[in-house]
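When a ligand or atom number is given, it counts from 1 through the structure's own listing order. Count residues from 1 along the sequence.
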Amino acid sequence: MFDIAYLDIPPLTGAGGTVRLPGSKSISNRVLLLAALSHGNTTVHDVLASDDTAVMLTALEQLGCTVQKNGDTVTINGLAGQLRTKKASLFMGNAGTAMRPLTAALAVLGGEFELSGVARMHERPIGDLVDALRQLGCGIDYLGTPGFPPLRLYPAVLQLNTPIRVRGDVSSQFLTALLMALPLVAQQDVCIEVVGELISRPYIEITLNLLARFGIRIKREGWQHFTIPKGSQYQSPGHIHVEGDASSASYFIALGAIADCHSGKNGIEIKGVGSESIQGDIRFVEAAQMMGAQISSTPNSLHISRGAWPLKAIDLDCNHIPDAAMTLAVMALYAEGTTVLRNIASWRVKETDRIAAMACELRKLGATVEEGDNYLKITPPATPMAWKTAPIHTYDDHRVAMCFSLAAFNPARLPIRILEPQCVAKTFPEYFETLFATAEAKTSQIPVICIDGPTASGKGTLAAQVAHQLGYHYLDSGSLYRLSALAATRAGVGLDDAAGVACIARSLHISFRGDQIYLAQENVSEAIRTEEAGVAASKVSIHAEVRLALLALQHSFRSLPGLVADGRDMGSVVFPDAPLKIYLTASVHHRAERRHKQLISKGNSATLQNIQQNLEARDARDMSRQTAPLRPADNAMLLDNSDLSIEKSVRQVLDWWQGTRPF
Ligand code: DC
C-alpha cells in the first residue's frame, strides 16, 4: 500500500493481464453484520480487507461477537439476535456501510450506544434513518448537528403496528439499514413504506439477496412497500463467499477499454466478478460497452479489450450504477464529444461531494466540465496539446483516487500526481500495485533517481528513504556485487576469475522479501553486509564481464511507478537517461566514523584507523578501475552530507526531484 503524500504515475501506454479483485465492500459489510446477528457460526470467505470492513469487525467485537480472522476468511460466532454488550462507544470511521445498518440494528435491539466517525462522516446525512427509527419508538439523540452523526442511542419500547415510513431519495442505505434491523424484532409482520423515488435500487437488491441467504424472505410490492414476515429469524448459512467488488472492477474495465495492449497479452481479464454478480455496479459493463469497450463474460470473470477508439461519448442516467459511474467521468476524457452523466445527486453526500470533486479535478486536466445539481457534462481537451496536468486532490475518497489514475493514458504523455493515494485502502488497498502489474509504460518514461557515491557515504539509507517517500522501487546495486562475490566464494570460484564470477552473476537466484535478501532460499542479508563481503564485492566489481552480467538484472528493477537506485555507476552506466542523478559523498573521516559506529553497535570490534584505511583503499580501487569507475555522472548533482542529517539529505533530493516534475 502507498502510505505517502503523493504518488506520481508516469505516462502509461498500454495494459494487459489478469486482475484478481478484492471482495465487494457492500457485500462484505452486510454479510459480516448478518453473520453477527444470526444463530450459529458463519465462515465468510474472500472478505475484503479494508478500512471499512475493519471498522465493522471492530464494532462487532465490541458488541460481544467472537471474530476469528484467517487471511481473507472470517468466522463469526453469531449473537442469535441478542446483544451481549448493551453499552459501547463505537467508531465508524467513514464507513457508511457500517454506520447506517449498525445504527438501526442497535436502536431496535436497545442499549446505550454512541456512534461516531471521522469529520466527513459527521457531514453525511442520517436524519431520514433516525426519523424512521423514531417512528418505531427508538431512542436516538444527535450529539452534534441535527440530522448527522454522531448519535447516542438509548433503550426504548418499540411500536411495530404502523408501517414505518422512510425516505428513499437521499441514500438507499437507510432502507437497507431498516431491512437488516427489523427482522430482529419481527414478532409480527413489520411493514416499511418508502417515501419518494427510491434511488440506487441495485443496492437494495443486494440487501434482499443476502437477507435471503440468512433465512429472511422479505415480501415487496414494487419498490415502495416491503414487509418483513412475522417470526423472521436470522439463521447462518454456514459458509458464504463474497464476490469480487464490481465497483472496483470498473477501473479495470475502463483500463481495458482505454489501453492498447503492446506486450502480446490479450486484453484485461478480471476474475472474481462476472455475469452472475448480484451487484448493481456490474451493469457498468453495459455503459463501458456503449462507450466502445469489447467485453465478454463468464459467470465469474470478465474479459475486456479496446473496441472503438477514441471512445464514444454517451448520455446516461447513472442512477443504477452510482459508484461505478464515476469511472465513466474519466473515460469521458478519451471520448469524442461531450459525455453527460445524469441522475447522480447521491454523489453529493458520499465520501466527499463527488460531483464538485470530479468537476474540479477533471478541469485541472484540461476538460470542460458543466456541473449541475445532479449531473455532469464532460468535454475532453480538444487536442493532445490541450491536456494539462496538476496534482489531483483525492478528498479522502478512494474512488476519486482510483478514477484519476486512468488519466495517465493521456495523449500528451503527462504524468499524473495523485495526492494522498492511501485513501484507496477504503475498498482496494492494493489498487495501485494491481494497476502497475497490468499497465505498461515506455521504459524511458519510468523515472529513475540515481544516487552514486563512495562506500559508507549513506547512499543506501538515503536511497531507501527517498524510494519510500515516493512509493518507488529501490535497487541497492552494491548488494548484487556482494551477492555475486558470496556466491562465487561458496562455489569455489576465485574472485579474480572474471569469466567464472560473471557466469555465477548471470545465474544468481536472488529474491528480495521486504528488506531481506535471499540467495536461493537462504537469507543472506547479514552475510553480505560484513566488511569482508564488501571487500570481496569491490574485487569482483572490477571485472567488465561481471558488470555486464549484472546489467540486465539491474535494468529489470526499472518498473512502474519508478525506481531509486544506488551504487557507483547508476547514473554513468546503468541508467544514463535518468532524469535525476546525485553524487553523494562525505569526507573519508566522516564516513569512517559512521562505519565505525555501525560496526560497534553490531558488536564488531574494529579500529577507526583500520576502517579509514580500508575505505581509502576501496575508494582507490572503485575510482581507478577500467570499467565504470566511480565518478560523478555527467550532470549529476553533488551532495556532500558530511554535516547533513538524513532528513535534510532526503529533503534535498526530494526538492531536486520536484524541480524535474511538471507539477
Ligand atoms: O555499495 P556497497 O558497499 O554495497 O558496494 C560494494 C562494492 O560493490 C563496492 O566496493 C563497489 C561495488 N559496486 C560497484 O562497483 N558498482 C555498483 N553499482 C555498486 C557497487
Assess the pair [X] and [Y]: is the distance between their ring centroids shorter than 6.0 Å?
X    : Y    : result
F557 : F512 : yes
Y431 : Y251 : yes
F575 : H555 : yes
F409 : W387 : no

Output the set of protein residues with a heavy-atom contact under 4.0 Å to ligand 1, ordered first by chain identifier and then by residue number.
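Lining ligand 1 at under 4.0 Å, by heavy atoms, one finds K459, S477, G478, Y481, R482, A537, S538, S541, R547, G567, R568, D569, M570, R618, D622, R625.
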Strictly distance-based, threshold 3.5 Å: is any side-chain N or O of N641 a donor or acceptor partner for the main-chain N or O of L644?
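Answer holds: no.
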Identify whether the distance between the nearest side-chain nitrogen and carboxylate oxygen of R529 and D476 falls below 4.0 Å.
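Answer for the salt bridge query: yes.
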